[in-house]
Amino acid sequence: MDAAKMPNQDQVEALDPVFGKMAVELGQHAWSLPQLTMREKSFVFMAADLCTANLGFPLLTHVQMAGFNGVTPAECAAGIRHLAPYVGYPTAAVALQQLRQQRPMGEEPAQSVEPQTLPPPIAATLEGLDEDFARFFGNQFDQRWGADASLTPRERALSCLAADVLNQTLDESFALHVELAVAAGAGREQVKAVLLLVAEFGIAKSWRAYRALDGLTA
């Protein structure tokens, strides 16, 4: 990525030459991180856009970059649907509206994968808090972590980790998504790379997330 021109680079540089240089260097660094695949980085960036309500130029730039890396518009839409309970359904609706105005969706993948289930200790904890919320949470989890093969389980978990960092849900939700990421084959370096990738959306939030990760793995 170092020698490649970033999508919409000219527009960013036109805002302010100094800021443009900063932004381009940041983008080249982020897209060059070796710990994550280009698809994973695409879904992490879309999660960050949704969490920070950057649903215009930033989201469409990242969707364009995702397309350069083989992610279809239909897969982008699936990534947004997956994040709906974590970023808010209204936010996801606006993101889908923006996406459909810019790109034809195409067909969804026909294949399926083994659905993931909510870990029993988490289900029991939620039940102890409130039965109605536990049912609601379980239903949302089953829908979003079901058999749709548009995203891999690892891509789903890493994008949810990005949402946790930027929402600062660094307790049970963060721990659950770290567990799911590890179960899907991600290691500590991949989890840390997500935290680094979204630091440009809130550097202090990533700092707190690194401390939370240390607490989980101590």
- prompt: So, do Thr117 and Asp142 sit near enough that their side-chain heavy atoms are less than 4.5 Å apart?
  reply: no

message: Salt bridge check, Arg188 against Asp214: does any charged N sit closer than 4.0 Å to a carboxylate O?
response: yes

message: Any heavy-atom pair between the side chains of Val87 and Met46 that's under 4.5 Å?
response: no

- prompt: Which pair of heavy atoms, one from Leu33 and one from Ala193, lies closest together, and at what distance?
  reply: CD1-O, 4.1 Å

query: Between Phe45 and Met22, is there a shared hydrophobic cluster once you connect ILVMFWY residues whose side-chain heavy atoms come closer than 4.5 Å?
result: no

Same cluster (ILVMFWY, side-chain, under 4.5 Å), Leu216 and Val198: yes

- request: Determine whether Leu176 and Glu172 make a side-chain contact, defined as any pair of heavy atoms from C-beta on separated by less than 4.5 Å.
  value: no

query: Does any N or O in the side chain of Gln35 come within less than 3.5 Å of the main-chain N or O of Glu189, such that one atom is a donor and the other an acceptor?
result: no

task: May I ask you to test the Cys76-Val71 pair for a side-chain heavy-atom distance under 4.5 Å?
output: yes

query: Between Asn54 and Leu50, is there a donor-acceptor pair closer than 3.5 Å when you use the side chain of the first and the backbone of the second?
result: no

field: Connected via hydrophobic side-chain network under 4.5 Å: Leu166 and Leu26
entry: no

message: Regarding Glu75 and Arg39, does a basic nitrogen lie under 4.0 Å from an acidic carboxylate oxygen?
response: yes

Whether Gln98 side chain and Leu55 backbone form a donor-acceptor pair below 3.5 Å: yes

- prompt: Heavy-atom distance under 4.5 Å between the side chains of Leu161 and Leu158, does that happen here?
  reply: yes

Short side-chain to backbone donor-acceptor contact, Arg154 and Ala184, under 3.5 Å: no

Asp164 and Ser173: side chain donor to acceptor below 3.5 Å: yes

message: Ring-plane angle category for His177 and Tyr86, please: parallel below 30°, perpendicular beyond 60°, tilted otherwise.
response: perpendicular

task: Might you confirm whether atom CD1 of Ile203 has over 12 heavy atoms from other residues, nucleotides or ligands at distances under 6.0 Å?
output: no

task: Determine, using the 4.5 Å side-chain heavy-atom cutoff (strictly less than), whether Ile122 and Phe133 are members of one ILVMFWY cluster.
output: yes

task: List the steps, then state whether side chain to side chain contact (heavy atoms under 4.5 Å, CB included) holds for Leu196 with Ser206.
output: CA-CA 7 Å; Leu196 179 58; Ser206 285; over 6 Å; no

query: Is a side-chain donor or acceptor of Gln28 paired with a backbone partner of Glu25 at a separation under 3.5 angstrom?
result: no

query: Shared ILVMFWY cluster between Trp31 and Phe68, side chains joined below 4.5 angstrom?
result: yes

message: Just verifying a value: how many Å separate Thr152 OG1 and Glu40 CD, rounded to the nearest 0.5 Å?
response: 6.5 Å

query: Hey, mind stepping through Lys21 and Val18 against side chain to side chain contact (heavy atoms under 4.5 Å, CB included) and telling me if it holds?
result: CA-CA 5 Å; Lys21 183 175 183 294; Val18 176; 5.9 Å; no

task: State whether a side-chain donor-acceptor pair under 3.5 Å links Asn167 with Thr169.
output: no

message: Distance check, rounded to the nearest 0.5 Å: Leu83 atom CG versus Cys160 atom SG?
response: 5.5 Å

message: Can you tell me how far apart OH (Tyr210) and NZ (Lys205) are? Round to the nearest 0.5 Å.
response: 16.0 Å

Glu155 side chain vs Phe43 backbone, donor-acceptor pair below 3.5 Å: no

field: Side-chain (Gln140) to main-chain (Phe137) donor-acceptor, under 3.5 angstrom
entry: no

message: Donor-acceptor pair, distance only, cut-off 3.5 Å: does the side chain of His62 make one with the backbone of Pro58?
response: yes

task: Report yes or no: does Arg156 contribute a side-chain atom to a donor-acceptor pair with the main-chain N or O of Arg144 at less than 3.5 Å?
output: yes

